[in-house]
Amino acid sequence: MRQAALIFKKEFKDYFASPIAYIVIAIFLALTGWLFFSAFFIFDQADLRRFFNLMPLLLALVVPLITMRLFSEERNVGSYELLLTLPVTFRDIIVGKYLAAVAFVAAMLLPTLSYPIFISFIGDLDWGVAIAGYIGAVLLGAAYAAIGIFASSLTRNQIIACITAMVVCVVLSIMDQMLFFFPQSVLDVVGYVSANAHFANIAKGIVDSRDLIYFLSVVFLGLYATHLVMEEK
Amino acid sequence: MIHVEGITKYYGNFCAVDHINLDIQAGEIVGLLGPNGAGKTTTLRMLTGFFPPSAGNIQVKNYSIQQDPLAIKQLIGYLPESAPLYKSMIVYEYLDYVARIRGLSGEAKTGRLNALADMCGLRDIMHKTIDTLSKGLKQRVGLAHAMMSDPEILILDEPTSGLDPNQIVEIREIIRKIGEQKTVILSTHILREVEATCGRVVIINKGKIVADSDTHTLTAGHNRERRIQIDVLGADVQSLREQLESLSGVKAIQVAAAEEPHVIRACIVSGAEADIRPAVYAAVKQTNWILLEMRQEAETLEAIFRELTKEN
């Protein structure tokens, strides 16, 4: 695990070495800030519900931008060969890279803490719900990052990796709003697979083990699939 | 040291490496030679554990690549073709990262980084971004990467490709220095490189080993003829041919006008056992022609290589 920690550190630092990281963070903050605050005073409610409602779709679009380079870039440049011939295991590499992406998502969410702080000055904010919302957002980001890292392991083309991950994440985000199109018999399954529904539960302030298990399973599946791809190639 | 038994690699249906057997002793410098696409890189990638062979086994010391890939990776330092390093990193930062991954820390790490900086001539570029380095400098950083853990085995894939002549000489010098203490395997399609640096040459073609012996034996064993080329001023084609044909030991002669005016060039082929140069000189001396140049073309690895790897 010492190796994984070293890889984590390097990958995390790499994010901030390129301007893309700052652009992604800036876009994310601008979008959340604008979408949230443009109607905040109209609704006149001191909560973050509408902020967290944005999360599934917004993260589905932003997280793939963060994860796309993890494997694709190394494959493309050829540094993958150097990495794999160092004394590190596949697990070290996956865990290090994955945690770096999750840490980056967390870093991206960090500035938005100013919203609840700001709201708590002008109204009566329920901090419990806000914290649950942030836990949910990080879990959601972690699940999407696992999908993203898997997509990145499949191809040496970053654009393809990004779009593949985006499609999967967006589908998971909007699935439960399209239940209308599914036959009655599969509704339960579709409802369970939808990331949005699980996130909504947590964002309401209910941190249920079922929802936790859902997110952790997505993470595990994504990382395990990445491991299989690495073994295959 | 390294024992390779029947390794084979398929890419889909294409067989890139076909049952290669190889035994390499400690302290050897082995040149893996072959045309492009012969399977050199594939072979090296299997040796370094980048991917597993489709069949066969590799043993390094007592470790098998299937069971102890990590132990083998500890023993091997590897420089892939054209040194694909992390571009956005600073040289020092990169080498520091590799050192940590290789398990060095504190004094040992600083000492090693210093030693490598001297050995590979990196002192002046430690603070530069890898992206901005020239190919030769990148190659040197790559060499430092490969030698980080002071490995017993060093594997270099086309270490001099794309470098200018001065850089080639520098890199070869470094390789030779390393080879005094380590086992080195390098791949190349440049024959002179093997002659200049390697004690043993393994020629691969279409995924198979077509020759494997020490460099001198190989060149000596295949030298079946000598070629001598002379430039003569003031002669004419016909009389020069007659003059040379009379010499004993000559197998074939080609005579033609050279590019320079009034100069005739003759290529004389003789058996490997007899040196006919004194006789040629004497034959020209009898006339009033002037011998401008005489040289023996070394029929070396070049020809052997072509002979062994030509399409049937």
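The figures here come from the full heavy-atom set of this structure, side chains too, leaving out hydrogens, waters and symmetry mates. Here is how names work: the chains are called A, B, and so on, in the same order as the sequence lines, proteins then strands, and each is numbered from 1. What you see is a predicted model; the values in this text were computed from it and never measured.
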- Met148(B) versus chain A, heavy atoms under 4.5 Å apart: side chain, backbone, both or neither? neither

- Item | Residue pair Leu86(A) / His145(B), side-chain heavy-atom distance below 4.5 Å | yes

- More than 12 non-hydrogen atoms from neighbouring residues, nucleotides or ligands closer than 6.0 Å to CD1 on Ile20(A), yes or no? no

- Task: Mind ranking Glu231(A), Gln3(A), Glu81(A) by heavy-atom pairs under 4.5 Å with chain B and telling me who comes out on top?
- Result: Glu81(A)

- Side chain from CB out, backbone as N, CA, C, O: work out which of these in Asp14(A) comes under 4.5 Å of a heavy atom of chain B, or both, or neither. side chain

- Given that the side chain runs from C-beta out, which part of Thr89(A) has a heavy atom under 4.5 Å from chain B: side chain, backbone, both or neither? both

- In terms of heavy-atom proximity below 4.5 Å to chain B, should Glu74(A) be classed as side chain, backbone, both, or neither? side chain

- Using heavy atoms and a sub-4.5 Å threshold, report which of residues 136-150 of chain A line up against chain B, by residue number. none

- Task: With a 4.5 angstrom heavy-atom cut-off, could you sort out which part of Thr48(B) is near chain A: side chain, backbone, both or neither?
- Result: both

- Query: Going by residue number, which parts of residues 93-130 of chain B are within reach of chain A, meaning a heavy-atom gap below 4.5 Å?
  - Reply: Glu93(B), Tyr94(B), Tyr97(B), Val98(B), Arg100(B), Ile101(B), Arg102(B), Gly103(B)

- Query: How long is the gap from OH on Tyr86(B) to CD on Glu11(A), to the nearest 0.5 Å?
  - Reply: 6.0 Å

- Item | Heavy atoms of other groups near Trp127(A) CH2, more than 12 under 6.0 Å | yes

- Whether over 12 other heavy atoms sit under 6.0 Å from Arg2(A) CZ: yes

- Inter-chain contacts: residues 61-80 of chain B against chain A, heavy atoms under 4.5 Å: Leu70(B), Lys73(B), Gln74(B), Tyr78(B), Pro80(B)

- Which pairs with one or both residues in residues 209-233 of chain A pass ring pair (Phe, Tyr, Trp, His ring centres under 6.0 Å), sequence neighbours excluded? Phe90(A)-His227(A), Tyr192(A)-Tyr214(A), His198(A)-Tyr214(A), Phe220(A)-Tyr224(A)

- Message: Would you compute the distance between atom CZ of Arg45(B) and atom OG1 of Thr85(A) and round it to the nearest 0.5 angstrom?
- Response: 10.0 Å

